[in-house]
Trainee: 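A single structure is presented below for examination.
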Amino acid sequence: MPELPDVEVFRRYLDSTCLHQCIAEVETLDEGVLAGISSRQLRSKLKGQQFQRTRRHGKYLFAGVHEHLWLVLHFGMTGYLKYFKDCDGAPRHTRLRVDFRNGHHLAYVCQRRLGEVGITNDIERLVAEKGLGLDGLNADLGIDSFKSLVGTARGSIKSALMSQRRLAGLGNIYTDEILFQARVNPRAKANRLTDGHLERLFHSVKDVVETAIQAKAQPGDMPSTYLLPHREEGGVCPRCGGSLRHEKVSGRTSYYCPRCQGTT
DNA sequence: ACATTGACCTGAGAGC
DNA sequence: TGCTCTCAGGTCAATG
């Protein structure tokens, strides 16, 4: 699930539920999700503190205790957050639970355990270490930098858009949506695209990401002109009414409309 | 140096 | 019902 829009929705969820509450306890239920820190260390860093603010870079979410201490959350393919009361139990596959003094809890849930939780004292350094590119919503991302980041890849445009080193935040689902909106074939070679194609893609990145966040990243709440609600076996193109096709492109299942996105 | 593939993990759903 | 197989919105190390 969690691509940039999903993680941004998680960030706002955390903001609206957990900020400025005293952390009474931190329970790691599965050590396997911890990266570079023990459950004991994590507890001692967070206990008695409060989350003051949040940030996000690509698919990474940061909850800040103070300027030089951030909880790092990455969600893999199946992760999400759930804020719940005492009386309701933690969701299944809760890997980490933060207990607040007000009797509420924040669960980090991750069924497939492909996500990770850690600590950093410097977000910029972590971003550099992970080799993440500019965030897809970064205001500094202009058409020129987009062209030089994405339009120079030798492989498919699909893999260029998904590369977290070029642009941070796009995954399989939203990349398909962006390609559909811009009418570009997922297999098209990135460095053979015209300026017109790249400009359409650039605007689609912004449009799709912002629209998805507004829809709280719920596929059912996306505009019906989007590919996403039709992205399934036997799905029909919302633009031309033709049959959608799906095939593997750089290892990931890609849905597209062969008529609207025909040219490679 | 860059791009693509396979492995990592678990569970849901399809097909028999 | 119960088994097996395939696939899933991510990322990294190994391979081409």
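Letters A, B, ... are given to chains in the order of the sequence lines, protein chains preceding strands, and every chain is numbered from 1. Remember, predicted model here, so these are calculated numbers, not experimental data.
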Trainee: Please measure how far the P atom in dG11(B) lies from the corresponding atom in dC12(C), and state the result in whole Å.
Mentor: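 Between the two P atoms, the distance is 23 Å.
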Trainee: Check this for me: does any side-chain nitrogen of one of Arg53(A) and Glu67(A) sit under 4.0 Å from a carboxylate oxygen of the other?
Mentor: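 Looking at Glu67(A) together with Arg53(A), the answer is yes, because their closest N to O distance falls below 4.0 Å.
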Trainee: Could you give the distance separating dA12(B) and dT11(C) at their C1' atoms, to the nearest angstrom?
Mentor: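 Those two atoms are separated by 22 Å.
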Trainee: Rounded off to whole Å, could you give me the CZ-to-C1' distance for the Phe10(A) and dG10(C) pair?
Mentor: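 Rounding to the nearest Å, CZ of Phe10(A) and C1' of dG10(C) are 13 Å apart.
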Trainee: With a 4.0 Å cutoff (strictly under), does any side-chain N or O of Arg112(A) reach OP1 or OP2 of dA7(B)?
Mentor: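 No, Arg112(A) has no side-chain N/O under 4.0 Å of OP1/OP2 on dA7(B).
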Trainee: Are OP1 or OP2 of dA3(B) and a side-chain N or O of Lys189(A) less than 4.0 angstrom apart?
Mentor: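 So the side-chain polar atoms of Lys189(A) never come under 4.0 Å of the phosphate oxygens OP1 or OP2 of dA3(B).
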Trainee: Below the 4.0 Å mark, does dA3(B) have OP1 or OP2 next to a side-chain nitrogen or oxygen of Arg166(A)?
Mentor: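 For dA3(B), OP1/OP2 do have a side-chain N/O of Arg166(A) under 4.0 Å.
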Trainee: Taking only heavy atoms on the protein side, list every residue of residues 122-137 of chain A lying under 4.0 Å from any atom of DNA chain C, sorted numerically.
Mentor: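 Contacts with DNA chain C under 4.0 Å: none.
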Trainee: For the aromatic rings, using the six-membered ring if either is Trp, is the centroid distance between Tyr80(A) and Phe75(A) under 6.0 Å?
Mentor: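 No, they do not, as the ring centres are separated by 6.0 Å or more.
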Trainee: Round to a whole Å and report the spacing from CD of Glu31(A) to P of dC9(B).
Mentor: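 Answer to the nearest Å: 16 Å.
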Trainee: Looking only at side-chain N and O atoms, does His57(A) offer a donor or acceptor that is under 3.5 Å from a partner on Asn138(A)?
Mentor: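 His57(A) and Asn138(A) do not have a side-chain donor-acceptor pair below 3.5 Å.
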Trainee: Base, sugar-phosphate, or nothing for Arg165(A), non-hydrogen atoms under 4.0 angstrom?
Mentor: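 No contact.
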Trainee: Should Lys248(A) be listed as having a side-chain N or O under 4.0 Å from OP1 or OP2 of dA8(C)?
Mentor: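 Answer is yes, contact under 4.0 Å.
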Trainee: Is Arg95(A) paired with Glu31(A) through a side-chain N to carboxylate O contact shorter than 4.0 Å?
Mentor: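 Between Arg95(A) and Glu31(A) there is no salt bridge, as every charged N stays at least 4.0 Å from the carboxylate O atoms.
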Trainee: What distance, rounded to whole Å, do you find between the two P atoms, one in dA3(B) and one in dG9(C)?
Mentor: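 It comes out at 22 Å once rounded to the nearest Å.
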Trainee: Checking all strands, does Asp6(A) fall into the base, sugar-phosphate, or nothing category for heavy-atom contacts under 4.0 angstrom?
Mentor: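 If one applies the 4.0 Å heavy-atom cut-off, Asp6(A) turns out to touch a base.
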Trainee: More than 12 heavy atoms of other residues, nucleotides or ligands under 6.0 Å from NZ of Lys206(A): yes or no?
Mentor: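 Counting other residues, nucleotides and ligands, NZ of Lys206(A) exceeds 12 neighbours.
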Trainee: So that I can compare with my own list, what are the stems of DNA chain C, taken as at least three consecutive Watson-Crick or G-U pairs with distances under 3.5 Å?
Mentor: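 Stems found: B:2-8 with C:10-16, B:10-16 with C:2-8.
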Trainee: Got a donor-acceptor contact below 3.5 angstrom from the Tyr226(A) side chain to the Ala212(A) backbone?
Mentor: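 No, Tyr226(A) side chain to Ala212(A) backbone: no donor-acceptor pair under 3.5 Å.
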Trainee: Give a yes or no on whether a salt bridge exists between Lys158(A) and Asp176(A), defined as a side-chain N under 4.0 angstrom from a carboxylate O.
Mentor: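 Between Asp176(A) and Lys158(A) there is a salt bridge, with a charged N closer than 4.0 Å to a carboxylate O.
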Trainee: Please report the C-alpha distance between Arg55(A) and Glu124(A) in whole Å, then the side-chain angles of each, then the deciding distance to 0.1 Å, and finally whether the salt bridge (Lys or Arg N to Asp or Glu O under 4.0 Å) criterion is met.
Mentor: CA-CA 11 Å; Arg55(A) 282 181 56 188; Glu124(A) 274 63 46; 2.9 Å; yes
Trainee: Would you kindly give the CG-to-P distance between Leu161(A) and dG9(C), to the nearest whole Å?
Mentor: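 These atoms are roughly 16 Å apart.
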Trainee: Check whether the ring centres of His104(A) and Tyr83(A) lie less than 6.0 Å apart, and answer yes or no.
Mentor: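 So the answer is yes for these two rings.
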Trainee: Looking only at the side chain of Arg92(A) (C-beta and beyond, no hydrogens), which of the listed nucleotides dA12(B), dG9(C), dA3(B) gets closest?
Mentor: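 So the side chain of Arg92(A) is nearest to dA12(B).
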Trainee: What I want to find out is whether Arg43(A) reaches Glu25(A) closely enough, with some N-O distance under 4.0 Å, to be called a salt bridge.
Mentor: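 Yes, this pair counts.
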Trainee: Please tell me if Ser159(A) has a side-chain N or O lying less than 4.0 Å from either OP1 or OP2 of dT4(B).
Mentor: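 So the side chain of Ser159(A) is within the cut-off, an N or O lying under 4.0 Å from OP1 or OP2 of dT4(B).
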Trainee: Without decimals, in angstroms, what is the distance between Met162(A) CE and dT4(B) C1'?
Mentor: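 Distance, rounded to whole Å: 11 Å.
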Trainee: Checking all strands, does Thr253(A) fall into the base, sugar-phosphate, or nothing category for heavy-atom contacts under 4.0 angstrom?
Mentor: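 Sugar-phosphate contact only - Thr253(A) comes under 4.0 Å of backbone atoms but never of a base.
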Trainee: For the pair made of CG in Leu114(A) and C1' in dA7(B), what is the distance, rounded to whole Å?
Mentor: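 Atom CG in Leu114(A) sits about 11 Å away from atom C1' in dA7(B).
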Trainee: Check the phosphate of dG10(C) against Arg252(A), side-chain N and O only, distance under 4.0 Å to OP1 or OP2. Yes or no?
Mentor: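 Answer is yes, contact under 4.0 Å.
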Trainee: Checking all strands, does Glu3(A) fall into the base, sugar-phosphate, or nothing category for heavy-atom contacts under 4.0 angstrom?
Mentor: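 Sugar-phosphate, backbone atoms only, no base.
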Trainee: Can you find a side chain N or O atom of Arg113(A) that sits less than 4.0 Å from OP1 or OP2 on dT10(B)?
Mentor: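 Answer yes for this pair, as a side-chain N or O of Arg113(A) is under 4.0 Å from OP1 or OP2.
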Trainee: Is the distance from OP1 or OP2 of dG10(C) to the nearest side-chain N or O of His74(A) less than 4.0 Å?
Mentor: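 Answer is no, no contact under 4.0 Å.
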Trainee: I'd like to check the side chain to side chain donor-acceptor pair (under 3.5 Å) partners of Arg125(A); sequence neighbours left out, ordered by chain and number.
Mentor: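 Checked Arg125(A) against side chain to side chain donor-acceptor pair (under 3.5 Å); matches are Asn121(A), Glu129(A).
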Trainee: Roughly how many Å is it from CD in Glu232(A) to C1' in dG9(C), rounded to a whole number?
Mentor: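 My rounded result for the distance is 15 Å.
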Trainee: Which whole-number value in Å describes the distance from Leu167(A) CG to dG10(C) P?
Mentor: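 Distance, rounded to whole Å: 14 Å.
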